[in-house]
Amino acid sequence: MSPSDGHKGPSHVPPRVTDQLDRSRFPVDGWALIEKNLDSENLGLTETLFSVGNGYLGMRGNVEEGRESHTHGSFINGFHETWSIQHAEEAFGFARVGQTIVNVPDAKVIRLYVDDEPLLVSIADLLEYERRLDFRSGVLSREILWRTPSGKRVRISSQRMVSFAQRHLAVMTFEVTLLDDYAPVAISSQILNRQDGEDEYHVPSKAMGEGADPRRAEALGHRVLIPQSNFGSSAEGRVTLGYQCAESGMTLAVAADHRLETDNDFTQRVQTGDDLAKMTYRINAEPGKPIRLTKLVSYHTSRGVPSRELLDRCCRTLDRVPEEGLERQFADQRAWLDGFWERSDVEIAGQPEVQQAVRWNLFQIAQAAARAEGTGISAKGVSGSGYGGHYFWDTEVYVLPFLTYTTPRAARNALRFRYTLLEAARLRAEQLAQNGALFPWRTINGEEASAYYAAGTAQYHIDADIAFAISKYVNATDDLDFLSREGIDVLVGTARMWVDLGFWRNEEDGVFHIHGVTGPDEYTTVVNDNLFTNVMARFNLRHAAQAVRELAVRDGIQYEQMVTRLDLDTDEIESWDKAADDMAIPFDEHMGVHPQDQHFLDREVWDLENTPLEKRPLLLHYHPLVIYRFQVLKQADVVLALFLQGNHFTDEQKRSDFEYYDPITTGDSTLSAVVQSIIAAEVGYHDLALRYFNAALFVDLADRHGNTTDGVHVASTGGVWNALVSGFGGFRDHDGEFTIDPRLPESWESLVYRLTIRGTRVRVTVRHDSLDLEVEDGIEATFLVRGESVTVTVEKPVSVVLDGQGPRLEGEPPPVPGRRRADGTVIAAIVPGPDRLGRQAACWAGSAAMAWPEGRVQVMTSCDFIWWCRSHSGHRFAPTV
């Protein structure tokens, strides 16, 4: 399938705007993802798509029966094992401690036997099948009609819910009804430690499913979960297991209560061991008499509290449910989500396929972040073990904007988590010979876990990303308490790091440089004056100085406490201002673009047009050193800076930079399309913006990068909101000034989104000729709409007439090869490989044809041409052919 036809592989060419789902299998529904038939060929994908979680606990969408799965998984945010990173060649300061999320004991398993025949959905004769993930109820349900091998029809209905209201609770129901005839029925409800144990058939290799990921903790050479206790009571219907991680010392307890309701005769028995606890029911089932099993599960974890105490906590959680009633749990879930959608929903009129996909993406942010209290928000949330369950800078840049403007409490929790890692960040800075604090690029426990420093540790920009998120949060909420007591410590620590890391070449030129860092683009590493890093560091320095001065005026006591706590010298603040004012911001006057780094434009361009899709993503097919020698981007770098720091670039610069970097961005990262969509919309490439948005919207739903089985791309789901609200909706917050300048796609009737600004929730409606603002909750808010200050109050909605939707540019940005550098050399396009010289010469011939009199190149010999290239470009070729 060609790139324009919605291919699933990553490409620098975004697909045409099209519905990318098979609607005979996944019908359109504005408030649910529905599966009408089971396909065993892509179980890993659907296990991710139908995951349920609350930010603390996550359960993949494995079938209840437990056997037919690609990758089994139940995860608790931050619950991890540690291990020593073994470097092939040692060096001082390398990351030493690896951290991997642990697959916690699986409580999803409910196995069914009728006439002693197991229900195995992959081979069962299913007369009816439907699975539904409801975005309003937060419940995963399944309805099937099974014809057993003996011809009996059995209806099975199940529900699975991880509670938003009760952080440590999951609820499952499983109902069986025979329709035709009597049959003996057995139900086995289990908690199974797949991490170290075996599957329910005692086959160790199947414990994690068919698609076990080598990055998961089971690849470790030791038992991970050390049994601490197990208990079962047939009379109470309760089973429990307790563990401690072998190396990290983290502890866990899980307990399950069971209640079977039926008019049929039945017996029950319990069995527990180190890695298995189960309740088994044997029922003499008669037709028309339902059998309903309710299973309540609680998990509690700790960094060291004994598992026996955690078991007490599990029991207290479970004891509350009968007192409150089962229906109360579902009602509380619905109420929580009603509030979430009131604050967060984005509506696109007349686009039902888009609407469904948007809500699925937003629902995933809730599942990854809502109850992530005391932990970070990992790259896969709690839907899979991809990236080892680590936290990255993605959270602050892509996810926190959504939370800040819709669910500020969750944003505060995420930022407080970063604050709790501040001491570890100070120690990391010391290891890298820096003052201040340096937060790890990837981590769970606060220690740097990236074994490849060039594309990992060197991404110092994470300090500025965290400072950026803090500043945005405070602007949007006026939460000065958080800033004064905790946030300011992070701002000071990161500012100290920047002013120590950078330097003035000499005082006369007044330019502050930052060398030896990696920006967001991991295809260009350890460079000098990376533009993104420098502009974000400038923001960090200025806002740290501003926050300190404002605290001194606002609260003298807290200011003095902060000065004492951080041993702050007022001279430091002056140095932050000076470094920010003198920051090196690379700009090439001749080409009219901001170089991604000091030497980026000196390289040749990777010929993406002639790189086959089977060689994508590049990092899986080319050595890093090969990639680093070219102008080629894994993800938006300068373009991301244009978005986050857009008030420091002119409209002309934004367009010029976007047109330069867009054609050389591979799309190998799921983080890129949303930012490219935002800037494409702003500068006027309206069709391209919609295509990039469409690509981002279906990253997981259509498995566009082929790795959704590892878990939801949480940053991409947050990016979808940014693309809607900041891209098409035109919303920006620069230094606390909230502006709106929409770019509604031509094919959309309208776009509705919500923003919570300083306690007031505003409904924003964008149409082609107007912008409407209405207060849904709160008092008033002020925006700058295309240069006009507009205040909307609860009594007085506002409608602003719009003259169009910004500039309109057709097509795509022109290719980079053929452009001349300031020294007269021409940028070439190359596909690295043994025959690259011939391909390079062909590319140069095209470039030369633009500069040489018409027809001259056609009569040149290949040797003459290479000589011409050498003479006229300054390019150094391999030995003459």
Of all heavy-atom pairs between Val766 and Pro742, which one has the smallest distance, and what is that distance? CG1-CB, 3.5 Å
Is Arg691 paired with Asp687 through a side-chain N to carboxylate O contact shorter than 4.0 Å? yes
Asp465 side-chain N/O to Val397 backbone N/O, donor-acceptor pair under 3.5 Å: no
Main-chain N/O of His590 paired with Arg820 side-chain donor or acceptor, under 3.5 Å: no
At what distance, to the nearest 0.5 angstrom, does CD1 of Ile827 lie from CE of Met591? 3.5 Å
Measuring from atom CG of Leu633 to atom CH2 of Trp606, what distance do you get when rounded to the nearest 0.5 angstrom? 12.5 Å
CZ (Phe630) and CZ (Arg603) are apart, to the nearest 0.5 Å, by 10.5 Å
Side-chain donor or acceptor of Ser672 paired with backbone N/O of Ala636 under 3.5 Å: yes
Report the C-alpha separation of His713 and Asn707 in whole Å, then their side-chain angles, then the decisive distance to 0.1 Å, and conclude whether the side-chain hydrogen bond (donor to acceptor under 3.5 Å, both in side chains) test is met. CA-CA 9 Å; His713 292 85; Asn707 60 357; 3.2 Å; yes
salt_bridge(Arg763, Glu347) N-O dist < 4.0 Å: yes
Do any N or O atoms from the side chain of Thr717 and from the backbone of Val714 form a donor-acceptor pair under 3.5 angstrom? yes
State, yes or no, whether a side-chain contact exists between Phe643 and Phe649 at a heavy-atom distance under 4.5 Å. no
Do the non-hydrogen side-chain atoms of His461 and Trp393 ever get within less than 4.5 Å of each other? yes
Just checking, any donor-acceptor pair under 3.5 angstrom between side chains of Asp597 and Asn530? no
Ignoring hydrogens and geometry, is there a side-chain-to-backbone donor-acceptor pair from Ser383 to Val712 under 3.5 Å? yes
Thinking salt bridges, do Arg25 and Glu35 make one under a 4.0 Å N-O criterion? yes
For the atom pair CG (Leu701) and CG (Leu45), what is the distance rounded to the nearest 0.5 Å? 8.5 Å
For the side chain of Gln351 and the backbone of Ile348, is there at least one donor-acceptor N/O pair under 3.5 Å apart? no
Any idea which heavy atoms bring Val674 and Ser716 closest together, and the distance? CG1-O, 4.3 Å
Do any N or O atoms from the side chain of Ser669 and from the backbone of Leu671 form a donor-acceptor pair under 3.5 angstrom? yes
Can you name the closest pair of heavy atoms from Leu608 and Pro663 and give their distance? CD1-O, 3.7 Å
Drop me the distance from Asp803's CG to Arg786's CZ, to the nearest 0.5 angstrom. 7.5 Å
Side-chain contact, heavy-atom cut-off 4.5 Å: His686 with Leu809? no
Hey, which of Pro807, Ser677, Pro813 is the one that makes side chain to side chain contact (heavy atoms under 4.5 Å, CB included) with Tyr685? Pro813
Could you check Thr782 against Thr791 for side-chain hydrogen bond (donor to acceptor under 3.5 Å, both in side chains), going step by step and ending with a plain yes or no? CA-CA 4 Å; Thr782 299; Thr791 297; 2.9 Å; yes
Ring-face cation of Lys380 near Tyr387 (centre distance under 6.0 Å, axis angle within 45°): no
Worked verdict on Tyr692 versus Asp662 for side-chain hydrogen bond (donor to acceptor under 3.5 Å, both in side chains): CA-CA 11 Å; Tyr692 273 126; Asp662 187 70; 2.7 Å; yes
State, to 0.1 Å, how close Pro586 and Ala584 come at their nearest heavy-atom pair, and which atoms those are. CD-O, 3.6 Å
Which of Trp721, Trp748, Tyr753 passes ring-ring contact (aromatic ring centres under 6.0 Å, His included) with Phe728? Answer is Trp748
For the backbone of Val605 and the side chain of Gln631, can you confirm whether one donor and one acceptor N or O come within less than 3.5 Å of each other? no
Is the shortest distance from a Lys or Arg side-chain nitrogen in Arg821 or Asp588 to a carboxylate oxygen in the other one below 4.0 Å? no
Considering only NZ, NE, NH1 and NH2 on the basic side and carboxylate oxygens on the acidic side, decide whether Arg655 and Glu682 come within less than 4.0 Å. no
Heavy-atom side-chain proximity of Phe783 to Leu755 below 4.5 angstrom: yes
Would you please test Tyr628 and Tyr523 for ring pair (Phe, Tyr, Trp, His ring centres under 6.0 Å) and show each step? CA-CA 6 Å; Tyr628 297 164; Tyr523 284 177; 8.1 Å; no
Of all heavy-atom pairs between Val346 and Gln355, which one has the smallest distance, and what is that distance? O-NE2, 2.8 Å
Centroid separation under 6.0 Å, is that true for the rings of Tyr405 and Phe731? yes
Answer yes or no: is there a donor N or O on one side and an acceptor on the other, between the side chain of Glu774 and the main chain of Ser799, under 3.5 Å? no
Are Thr407 and Arg343 close enough that a side-chain donor and a side-chain acceptor fall under 3.5 Å? yes
Does any part of the side chain of Ile466, heavy atoms only, come nearer than 4.5 Å to the side chain of Glu396, both counted from C-beta? yes
Is there side-chain contact between Leu802 and Leu771, with heavy atoms separated by less than 4.5 Å? yes
Between the CG atom in Asp668 and the CD atom in Glu522, the distance rounded to the nearest 0.5 Å is 10.5 Å
Within a strict 4.5 Å, meaning less than it, do heavy atoms of the Leu773 and Val790 side chains meet? yes
Would a distance-only check, ignoring hydrogens and angles, find a side-chain to backbone donor-acceptor pair under 3.5 Å from Lys654 to Gly646? yes
So, Trp31 versus Trp341, ring centres under 6.0 angstrom or not? yes
Do the charged groups of Glu749 and Arg767 touch, with an N to O distance under 4.0 Å? no
Where Ala369 and Ile377 come nearest, the two heavy atoms and their spacing: CB-CD1, 3.5 Å
Answer yes or no: is there an ion pair linking Arg359 with Asp345, defined by an N-O contact shorter than 4.0 Å? yes
Any side-chain heavy-atom pair from Phe402 and Leu400 closer than 4.5 angstrom? no
Kindly determine whether Asp521 and Gln596 satisfy side-chain hydrogen bond (donor to acceptor under 3.5 Å, both in side chains), including the steps that lead there. CA-CA 9 Å; Asp521 170 34; Gln596 184 168 299; 3.0 Å; yes
Would you say the ring centers of Phe539 and His648 fall short of 6.0 Å from each other? no
Tested for side chain to side chain donor-acceptor pair (under 3.5 Å) against Thr708, the lone hit among Thr46, Thr48, Asp700 is Asp700
